[in-house]
Undergrad: 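What follows is a structure written as structure tokens; I'll ask about it next.
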Protein chains: 2
Amino acid sequence: MLNSYSSADKVLLAVDCIIFGFDNEGLKILLIQRDFEPEKGKWSLIGGFLKRDEVLDSAATRILNTYTGLNDIYMEQLYAYSEINRDPVERTVSVSYFALINIENHNAELIQNYHAEWFPINDAPNLIFDHNEMVQNAIKRLRYKTSVKPIGFELLPEKFTMRQLLELYEAILSKELDKRNFISKINSLDILNKLDEKDMQSSRKGSYLYTFNKEKYEEKLQNNFALNL
Amino acid sequence: MLNSYSSADKVLLAVDCIIFGFDNEGLKILLIQRDFEPEKGKWSLIGGFLKRDEVLDSAATRILNTYTGLNDIYMEQLYAYSEINRDPVERTVSVSYFALINIENHNAELIQNYHAEWFPINDAPNLIFDHNEMVQNAIKRLRYKTSVKPIGFELLPEKFTMRQLLELYEAILSKELDKRNFISKINSLDILNKLDEKDMQSSRKGSYLYTFNKEKYEEKLQNNFALNL
DNA sequence: TATGTAAGTGTACAATCTACATTAATAATT
DNA sequence: AATTATTAATGTAGATTGTACACTTACATA
């Protein structure tokens, strides 16, 4: 019989997380140095196995929380990788997820305990299994997402300057953007609050701080806007 | 230990295929009337279980071939569905794939033998499990894809008229398109061959037939063009 | 008070998108 | 042979959006 549950093969299901972060040095991903075989000591995405009573989204959330201490983070399922020998120990299909986090916010101690570390996306070590491919696909998705949603605010501190936002988008898209055009496009979205406060670190003049206005954003969401940068 | 293969739970992995087709009546999906329990007699996507020695893409291809007899069909992985009780018999995670096929081309006998049937996307029966959701997500993806790739040629016969192409895109996007603007946008892509032959079915005057020019398309593919319809 | 640094701001031109109506070719009918 | 009915084919003007580009402002520091 074509569809028989009993004769079907079961497999291990893993979740691997591509965790993007941003700081003044640029766009980064969080990697972990494996402390178990195989490939012990090599760099890898953070991941884990799906449990019997768990949905994939929850597994991704749990794994992120385990390593960073963070909750309520935007995560998105990307793709299922199923090459037969992608994991040499046992047939494992892995579903990748990506997350965006503010590098300042996580629990640095946790990350240290797990031998995890932030790497610039353009200067990351070689990864185990098919994790390099997972990362490349996640970067593609991240780029696409920026054009459809004002994603990326997740990667900044609550208050940020236009320059920081610009540099974030430049890092994600890995191209230079025209400052004036960028600002007017962002302003035309009308989803930021300009504060009366200035950040004085960056210049003598100081630059205004902004916050992301979630209410305005939710309002606009219906007419799903595009952002052509 | 956090990552231990031996203690991890295995699950069944299924593949479900959303197969789109197009004819003069509009955009359709291929559904099957289940001949086994549970939900015997109800309508469902065609699907099957992943085998131990099989990659997800191959499973999707195999399943498509089983029911339609078709090979070499464009398929794309969509999403992994993992709700705990989505399948009442046993914990099953299902990965959805979508395919585009020309309704004329398949082996109609095979389809009949399997109690499969084409349904207009707006007039399809209620489906088992989470298959309705899968279909809705596939339609979204299909719409998105049309804007990035000149997908959809797969859904037409080899020789087609501009009107057929227009109606296909209208069916996919479920909105009316301006004929002149549509034609000039398609022409500006420069990926069609205009034949000297006319289709005389549709009108007294007859309308020119076109074929999709794969070479030109491959050439252009690098500068991934957008098609804003 | 002068100087240096990054912030903030507007415009003109180019490209693209949108809305829209007439003529052309032919088969069928008389 | 002429008329009619039907769908195919085609272009343009105006609106919108995107792009390239340079000077002034505010302030801290010397």
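In this text, all values refer to a predicted model and were calculated from it rather than measured experimentally. Chain identifiers are assigned alphabetically (A, B, ...) following the order of the sequence lines, protein sequences preceding nucleic acid strands; residue numbering begins at 1 within each chain.
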Undergrad: Check the orientation of A:Phe98 and A:Phe20. Use parallel for under 30°, tilted for 30 to 60°, and perpendicular for over 60°.
TA: perpendicular
Undergrad: Quick one: pull up NZ in A:Lys175 and CZ in A:Arg143 and give me the separation to the nearest 0.5 Å.
TA: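 Spacing of NZ (A:Lys175) from CZ (A:Arg143) equals 9.5 Å.
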Undergrad: Looking at the rings of B:Phe160 and B:Phe22, which for Trp means the six-membered one, are their centres under 6.0 Å apart?
TA: no
Undergrad: At a heavy-atom distance below 4.0 Å, which nucleotide of DNA chain C is the first touched by chain A, and which is the last?
TA: C:dG4 to C:dG10
Undergrad: Can you confirm whether more than 12 heavy atoms, excluding those of A:Lys159, are under 6.0 Å from its NZ atom?
TA: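 At most 12 heavy atoms, drawn from other residues, nucleotides or ligands, come within 6.0 Å of this atom.
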Undergrad: Find which nucleotide of DNA chain C each of B:Ser203 and B:Asn228 is nearest to by heavy atoms, and output the residue with the more 5' nucleotide.
TA: B:Asn228
Undergrad: I'd like to know whether A:Glu76 forms a side-chain hydrogen bond (donor to acceptor under 3.5 Å, both in side chains) with A:Tyr74, so could you lay out the CA-CA distance, the side-chain angles of the two residues, the decisive distance to 0.1 Å, and finally the verdict.
TA: CA-CA 7 Å; A:Glu76 189 173 321; A:Tyr74 177 79; 2.4 Å; yes
Undergrad: Assert yes or no for the condition that the ring centre distance of A:Tyr79 to A:Tyr81 is strictly below 6.0 Å.
TA: yes
Undergrad: Any protein N or O atoms within reach of nucleotides 24-27 of chain D? Criterion: under 3.5 Å, listing atom names and distances.
TA:
| unit_1 | atom_1 | unit_2 | atom_2 | d |
| --- | --- | --- | --- | --- |
| D:dT25 | O2 | A:Lys205 | NZ | 2.9 |
| D:dC27 | O3' | A:Arg204 | O | 3.4 |

Undergrad: Which class fits the ring pair B:Trp118 and B:His106: parallel under 30°, tilted 30 to 60°, perpendicular over 60°?
TA: tilted
Undergrad: Once salt bridge (Lys or Arg N to Asp or Glu O under 4.0 Å) is applied, do any residues pair with B:Asp57, and if so which ones, sequence neighbours excluded?
TA: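 Per chain and number, B:Asp57 pairs via salt bridge (Lys or Arg N to Asp or Glu O under 4.0 Å) with no residue.
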Undergrad: Mind listing the residues from residues 163-180 of chain B sitting with a heavy atom below 4.0 Å of DNA chain D? Number order is fine.
TA: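 Contacting residues: B:Arg163, B:Lys179, B:Arg180.
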Undergrad: Strictly by salt bridge (Lys or Arg N to Asp or Glu O under 4.0 Å), give each pair with a member in residues 199-221 of chain A just once, sequence neighbours left out.
TA: A:Asp190-A:Lys216
Undergrad: Between A:Phe153 and A:Tyr169, what is the ring plane arrangement, given parallel below 30°, perpendicular above 60°, and tilted in between?
TA: perpendicular
Undergrad: Check for me whether B:Lys198 meets the cation-pi criterion with B:Tyr208, that is, NZ or CZ under 6.0 Å from the six-membered ring centre and within 45 degrees of the ring axis.
TA: yes
Undergrad: With the threshold set at under 4.0 Å for non-hydrogen atoms, list the residues of residues 181-188 of chain A touching DNA chain D in residue-number order.
TA: A:Asn181, A:Lys185
Undergrad: Using side-chain heavy atoms (C-beta onward) and a distance below 4.5 Å, is B:Leu229 in contact with B:Thr146?
TA: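 When only atoms from C-beta onward are counted, B:Thr146 and B:Leu229 do not touch, as no gap falls below 4.5 Å.
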